[in-house]
> 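Below: one structure in structure tokens.
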There are 2 protein chains.
Amino acid sequence: MAPANPNAENSRFHEPAAAPQGGPASPGGMSRLRVAVPSVATRVATELRLQIAEGALLPGTKLKEEALSEELGVSRNTVREAFAELASERLVVRQPNRGVFVASLGVNDIHDVYTVRRAIEVSAVRGGGSPESIASVRAAVEEGKRAAAAGDSEGLGSANQHFHGALVAMASSERLNTIMSQVLAEMRLFFHKASVDGGFYQDYLEENEKICKALEAGDTELAAERLLSYLDRSEEHQTAVHTS
Amino acid sequence: MAPANPNAENSRFHEPAAAPQGGPASPGGMSRLRVAVPSVATRVATELRLQIAEGALLPGTKLKEEALSEELGVSRNTVREAFAELASERLVVRQPNRGVFVASLGVNDIHDVYTVRRAIEVSAVRGGGSPESIASVRAAVEEGKRAAAAGDSEGLGSANQHFHGALVAMASSERLNTIMSQVLAEMRLFFHKASVDGGFYQDYLEENEKICKALEAGDTELAAERLLSYLDRSEEHQTAVHTS
DNA sequence: ATTGCTGAATCGTTGAACGTTTCCCAAGTC
DNA sequence: GACTTGGGAAACGTTCAACGATTCAGCAAT
């Protein structure tokens with residue numbers, strides 16, 4: 001029965017979130033829009049995912065369920081469900097009877113992730129895409145240019161992820177998209193350590209431009225070829241950074 | 001009510017279950033061997049996965065958590081965790097406040113699944129593989145031949161899945177393998193409806209042989225080409241079967 | 001230094017409870 | 001008769017409290 005919940009510093013997970021989007025009901029054509037409020041477990045998962053992505057939770061960190069449940073103001077079981085979600089995305093690893101830890105990737109994992117990327121991205125590019133999907137690839141390229149001009153290395157990395165996400169979106173495959181977003185989430189895990197090497201960024205920015213141009217010209221094979229070589233170089237770069 | 005569970009075998013999930021535990025991921029690059037007994041939730045998940053795979057639970061069937069918890073002798077929370085696992089594999093879908101249902105795929109899903117397969121399998125084949133990995137591809141081909149000779153259409157389908165699993169195993173990528181096994185699990189969802197067309201099976205059996213031969217000859221490009229055309233035809237076949 | 005034990009900290013799982021959402025069906029209205 | 005309205009029952013989402021099991025760290029004994 002709703003105890004006072006003293007330390008309600010983080011009770012944002014319980015609010016009914018009854019934000020009446022759209023305010024007054026529009027008369028007439030009321031579409032059956034799903035107002036699906038994500039379950040509490042899902043919200044906890046997204047919160048954790050975010051913290052992991054922005055480096056607030058470093059790889060290897062142990063996540064104690066009781067501590068988290070208290071801190072977030074949810075029950076231990078709910079935290080547990082959130083963990084299950086994150087574990088399925090490989091963002092955390094479960095060690096039986098020991099706890100869950102933020103995943104920390106080794107060089108072999110890096111290679112593995114790039115193997116997946118080569119498979120998915122190249123395939124999507126080879127298949128070509130609709131003009132709109134190519135347009136959003138272009139958008140990501142421009143986003144990168146702006147970030148570079150502004151010297152925003154954070155936004156540069158973000159733009160790059162958008163670029164590659166847009167590439168697989170060309171295939172307009174629900175499953176391929178979710179796989180790719182998980183892979184990108186995994187990459188953020190070791191991006192934090194990758195010191196932003198300006199030279200490399202400049203390099204891939206040009207490469208993205210070339211790939212995009214090839215796509216706009218309809219030469220998917222050339223685009224795929226360039227993408228592949230980029231991925232190889234990128235893997236090499238990441239591997240080098242993480243071998244010490 | 002669709003297929004009430006025929007076998008009321010109330011299997012106890014608390015007994016031993018000396019099943020091997022693959023790899024306890026390596027948060028440190030170290031692979032310490034663990035004799036971990038799969039958690040109860042995991043065992044429940046595998047049980048349900050199995051029943052779905054063999055058609056005991058048909059697509060669309062509602063899985064009530066209380067009923068299952070009682071039937072399997074575990075708590076509702078545990079069943080819930082198992083559901084989370086299966087949901088992450090797309091074998092069941094969760095409808096908020098309504099329950100979980102065995103996933104039922106539509107034609108669009110079929111296309112989507114094949115899109116993933118084209119990406120992953122072709123990429124793996126293009127990359128080539130070690131002699132041992134090619135040997136297990138050969139093994140799957142022979143397995144298919146034996147099943148065909150014995151008129152075992154069940155085993156034939158199984159062998160075909162082994163074949164394609166072996167193809168992506170060539171890339172020796174942990175992530176690619178798990179993705180593939182999930183995709184294959186999804187395919188079993190609509191394989192039950194696919195009336196076993198003997199002619200088609202004979203067809204793909206020969207195709208597998210050709211692909212395998214190309215691999216053994218080291219001509220990965222030819223193998224990839226044939227695989228791609230097979231996947232296209234297979235998708236066409238499945239789509240045809242499921243449009244009625 | 002190694003071995004073995006004990007205790008605290010956590011995890012895994014259970015069982016029960018309560019609020020909410022959905023769904024079904026009967027009653028009521030136009 | 002078709003449509004809406006209003007219970008209620010059924011099932012889900014979430015919480016809470018508890019107990020056994022496992023792990024780990026520290027300390028005593030060999």
Side-chain angles (χ1 to χ4, degrees), chain A residues 1-8 10-18 30 32-47 60-87 92-101, chain B residues 1 11-17 19 21 24 27-28 32-47 60-87 92-102:
Chain A
M1 22 201 156
N5 194 356
N7 51 354
N10 251 324
S11 55
R12 48 188 148 142
F13 288 97
H14 288 144
E15 308 304 342
M30 179 133 150
R32 265 294 213 172
L33 193 52
R34 266 283 177 224
V35 197
V37 179
S39 89
V40 179
T42 303
R43 270 177 283 167
V44 171
T46 37
E47 169 66 17
T61 310
K62 175 170 183 178
L63 302 177
K64 298 184 241 217
E65 30 190 66
E66 186 169 5
L68 269 180
S69 79
E70 197 165 329
E71 182 174 337
L72 298 179
V74 302
S75 113
R76 199 157 73 92
N77 281 353
T78 303
V79 173
R80 192 159 246 276
E81 277 202 42
F83 282 168
E85 195 172 325
L86 296 177
V92 303
V93 295
R94 263 194 142 123
Q95 295 194 13
N97 279 312
R98 287 186 32 78
V100 316
F101 303 79
Chain B
M1 291 320 229
S11 46
R12 281 288 160 195
F13 281 87
H14 293 162
E15 308 309 330
Q21 151 71 344
R32 192 173 152 196
L33 191 52
R34 276 209 185 279
V35 235
V37 182
S39 85
V40 179
T42 303
R43 273 176 281 167
V44 171
T46 39
E47 169 65 17
T61 310
K62 175 170 183 179
L63 302 177
K64 297 184 242 216
E65 31 189 65
E66 187 169 5
L68 270 179
S69 80
E70 196 164 331
E71 183 174 336
L72 298 179
V74 301
S75 113
R76 200 156 72 91
N77 279 343
T78 303
V79 173
R80 189 160 252 275
E81 277 202 42
F83 282 168
E85 196 171 326
L86 296 177
V92 302
V93 294
R94 270 195 129 125
Q95 295 195 11
N97 278 311
R98 289 188 28 82
V100 317
F101 303 79
V102 178

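We name chains A, B, ... by the order of the sequence lines, and we start the count at 1 in each one. Reckoned from all heavy atoms, side chains included, excluding hydrogens, waters and symmetry mates.
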> Ser39(B): which residues meet the side-chain hydrogen bond (donor to acceptor under 3.5 Å, both in side chains) condition with it, sequence neighbours left out?
Thr42(B)
> Quick check on DNA chain D: between Arg76(A) and Asn97(A), whose nearest nucleotide comes earlier from the 5' end?
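In this pair, the answer is Arg76(A).
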> Send over the distance from Glu81(A) CD to dC11(C) P, rounded to a whole Å.
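Result: 16 Å.
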> Return the value, rounded to whole Å, for the distance between atom CD of Glu65(A) and atom P of dC16(D).
15 Å
> Whole-Å distance between dC16(D) C1' and Glu70(A) CD?
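Atom-to-atom, Glu70(A) to dC16(D), this comes out as 13 Å.
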> What integer distance in Å separates Leu68(B):CG from dT13(C):C1'?
17 Å
> Rounded to whole angstroms, how far apart are CZ on Arg43(B) and C1' on dT13(C)?
11 Å
> Rounded to whole angstroms, how far apart are NZ on Lys62(B) and C1' on dT22(C)?
9 Å
> I'd like to know if Arg76(B) and Glu65(B) make a salt bridge, using a cut-off of under 4.0 Å between side-chain N and carboxylate O.
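The answer is yes: the pair qualifies as a salt bridge.
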> Give a yes/no answer on whether the side chain of Arg98(A) brings an N or O atom under 4.0 Å of OP1 or OP2 in dC24(D).
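Looking at the OP1 and OP2 atoms of dC24(D), one of them is under 4.0 Å from a side-chain N or O of Arg98(A).
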> Let me confirm one number: the CD-NZ distance from Glu70(A) to Lys64(A), rounded to the nearest 0.5 Å.
12.0 Å
> As a test of reading the structure: which of dT14(D), dC12(D), dT14(C) is closest to the side chain of Ser39(A), going by heavy atoms?
dT14(D)
> Does some side-chain heavy atom of Val44(B) sit less than 4.5 Å from a side-chain heavy atom of Glu47(B)?
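SC-SC contact between Glu47(B) and Val44(B) ruled out.
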> Take the protein atom CG of Leu72(B) and the nucleotide atom P of dT14(C), then report the distance between them rounded to whole Å.
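Going from Leu72(B) (CG) to dT14(C) (P), I get 10 Å.
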> For Val100(A) and for Asn77(A), find the nucleotide of DNA chain C with the closest heavy atom, then tell me which residue's nucleotide is more 5'.
Val100(A)
> Using atom CZ of Arg94(A) as one end and atom P of dT23(D) as the other, report the distance to the nearest whole Å.
16 Å
> Closest nucleotide of DNA chain D for Gly99(B) versus for Thr78(A): which of these residues is on the 5' side?
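That would be Gly99(B).
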